[in-house]
Amino acid sequence: MRAYQFPQTETEHTTLVSRFGGVDFRTHPTKVSLSRSPDMQNLICDQNDFLVKRTGWKTQYSYTTPIYGLFPLPDGSGFAVHAGNKLYCRPSTGNQAELCTDMNAAFSQSFVMNGVLYLLDGQTYRAVRRNAANTAWEAVKVQDIAYVPTTTISAEPTGGGTSYEAVNLLTPKRINTFIGNGSATQFQVDAKDLDETAVTASVNGASVSVSSVNRSTGLVTLAAAPANGNGLANVSISFSKTVSGYADRINKCRIAGLYGGKNDTRVFVAGNPDEPNCDWQSGLYDPTYFPDTGYTRMGTDAAAIVGYLKQYESQLVIKSGGAQEATSYLRSYLMADDGAALYPLKQGAQGEGAVCPRSFGTLNDLPLFLSARGVQGVYGTAVAEQRTIQSVSDAIVPKLEAEAGLENACAIVFEGKYYLAVNGHMYIADGALTEEDGSPAWFYWTDVPAQCLAELDGRLWFGTADGRLCRFAKAEEDGAYCDDTAAINAYWRTPTLPLADWGRVKTVRDVVPTLMPYSRSGATVQYESENGQTLALSRNMDLFSFKTLDFSRFSFRCIPGAVSYRTRWRQHRMPLFSVRIGNNQPNEPFGLLALTIRWTQGQHIIS
């Protein structure tokens with residue numbers, strides 16, 4: 001009698017994904033690390049390293065014109081909103097106020113110093129400050145409140161004296177001081193061809209009459225001779241001398257960087273299209289004073305200055321590149337023997353230049369900016385070394401390079417992440433997650449129409465091209481998982497997996513996603529192979545809650561915690577295999593903690 005032989009039991013194998021990183025759009029899907037994804041959107045890593053669906057955004061207000069800038073007020077009480085050619089003060093509570101109607105209809109940038117918000121829109125340098133009564137915010141042109149320098153001191157009535165302060169580019173006004181001799185009534189100021197504005201004088205601080213002014217020669221005649229100063233300057237004369245183009249050197253600037261060595265004591269401005277390789281420095285703690293001698297030209301005007309980065313006690317000036325010249329310069333601080341502040345420059349090596357002035361930010365201690373080949377990071381201050389500026393965005397470069405209009409992108413660092421928005425897409429670098437090459441992990445979001453970003457009260461806000469002022473929701477808010485009313489399509493896909501052996505077919509017995517339940521949630525699981533997509537599971541995962549009670553999807557589950565489901569759908573003779581899991585339903589959060597694939601190995605692939 002022949003013995004019956006039972007078939008040999010197939011060995012079941014397990015592939016487990018329990019740690020999640022970011023996207024990898026550069027590597028072929030079959031070569032992507034198991035913790036990363038070749039196709040993922042609208043997800044972000046939770047603090048516990050599992051994936052969660054991003055929260056949605058809600059429109060808070062609609063303007064009739066594009067929003068070109070959002071700027072938190074210095075006291076945190078609200079926003080200054082640049083919409084079209086108007087500037088608004090939008091407080092957190094209370095009514096919105098219109099501050100001015102002659103803004104440039106173009107993207108603007110800002111900085112804060114001494115409790116004042118300064119705006120650069122390429123047309124008018126403006127200050128947003130509290131009014132004299134401290135009852136409201138007002139917007140004024142800085143040239144109207146600019147510091148008036150004393151250009152010459154202790155001069156004889158016939159002229160001369162000691163040069164003291166440089167002319168302020170922002171104002172034609174100047175002051176000269178003289179030493180009266182008791183008999184002279186005529187005083188020669190240090191300029192000719194004076195403006196037609198009034199010339200005023202004072203003696204020992206008291207106003208005196210001016211009888212005549214020879215504006216072509218700069219000779220000022222007082223009505224009476226001032227007393228003898230006995231070697232001390234006791235006469236002060238104020239006059240105006242306009243130099244064509246001076247004010248526009250600052251008014252046409254679009255970018256700014258605070259720097260002063262160990263402290264941010266001055267502001268440097270650039271971005272004037274007439275002098276693209278030049279920047280100007282302000283007075284000490286005074287952004288209303290830009291000396292006409294305080295400018296620096298870097299390289300040729302074929303490559304423009306695009307932005308500033310702070311690196312330890314130095315300032316990095318990044319240019320656009322592409323002109324066979326250095327793309328970075330290192331500015332440091334020195335104090336001369338006479339106490340004057342000096343800011344020497346060191347030329348850097350050629351490298352990737354910047355393309356977007358509004359993309360500069362510092363993630364943890366890593367300065368970042370956007371180039372034509374992705375986001376670049378600045379490592380150290382040895383700018384002469386070629387490797388100082390390196391790409392940190394190789395994982396997203398194929399998709400990011402394909403975006404049109406990178407010069408119009410905007411970025412912000414918020415809650416330890418660098419957010420870069422362009423064309424309705426958002427690229428996020430997570431400073432808490434590091435990939436194998438040392439770069440931050442990147443995530444990719446869709447349907448975020450931001451063209452300017454800002455943070456206020458711990459929330460991320462943005463403005464849109466069609467005039468909407470929007471805010472991302474907190475997870476605990478009602479309707480937090482919709483973009484206004486639209487559903488958020490969030491999903492994650494595994495790499496294309498050979499499952500240990502490229503030369504054999506496999507039978508996928510089960511896919512077990514481990515998910516985080518919410519009061520209302522769900523998930524779909526799709527198998528993807530050379531034959532297309534197969535829906536393997538679509539299931540609700542709700543917790544019992546009176547707040548979201550729906551008898552059509554009633555659940556007795558009350559204890560929050562990880563929940564695993566089996567797809568119970570086999571796939572036979574698969575040489576390569578991948579799984580896509582996600583959620584595209586309105587008002588439904590989604591969290592993926594782990595994914596288990598159970599499979600057996602079959603016969604060799606026959607060509």
Strictly by modelled atom types, are Asn131 and Glu138 linked by a side-chain donor-acceptor pair under 3.5 Å?
no
If I compare all heavy atoms of Ser359 with all of Leu420, which pair ends up nearest, and what's the gap?
CB-CD1, 4.3 Å
Presence of salt bridge, Glu275 and Lys252, under 4.0 angstrom:
no
Between Tyr419 and Tyr427, is there a side-chain heavy-atom distance shorter than 4.5 Å?
no
For Gly348 and Ala326, the nearest pair of non-hydrogen atoms, with its separation, is O-CB, 3.0 Å
Salt bridge between Asp102 and Arg126, side-chain N to carboxylate O under 4.0 Å?
yes
Between Asp264 and Lys310, is there a salt bridge with N-O shorter than 4.0 Å?
yes
Please find the pair of heavy atoms, one from Gly307 and one from Ile255, that lie closest to each other, and give the distance.
N-CD1, 3.7 Å
Decide, yes or no, whether a salt bridge links Asp279 with Arg331 under the criterion of side-chain N to carboxylate O below 4.0 Å.
yes
Parallel, tilted or perpendicular, judged at 30° and 60°: which one describes the rings of Phe268 and Tyr308?
tilted
Give a yes or no on whether the backbone of Gln123 and the side-chain of Asp121 come within a donor-acceptor separation of less than 3.5 Å.
yes
Examine Tyr88 together with Phe79 and report whether their ring centres are nearer than 6.0 Å.
no
So, are Arg373 and Glu401 salt-bridged, with charged N and O less than 4.0 Å apart?
no
Determine whether the aromatic ring centres of Tyr343 and Tyr333 lie less than 6.0 Å apart.
yes
Report yes or no: does Asn364 contribute a side-chain atom to a donor-acceptor pair with the main-chain N or O of Leu366 at less than 3.5 Å?
no
Are Gln109 and Pro357 packed together at the side-chain level, in the sense that at least one heavy-atom pair is separated by less than 4.5 angstrom?
yes
Less than 4.5 Å apart, side chain to side chain, heavy atoms only: is that true for Phe462 and Pro449?
yes
Cys410 side chain reached by Leu453 side chain, heavy atoms, under 4.5 Å:
yes
Is the shortest heavy-atom distance from the side chain of Tyr289 to the side chain of Val148 under 4.5 Å?
no
Between Thr300 and Glu325, does any side-chain donor sit less than 3.5 Å from a side-chain acceptor?
yes
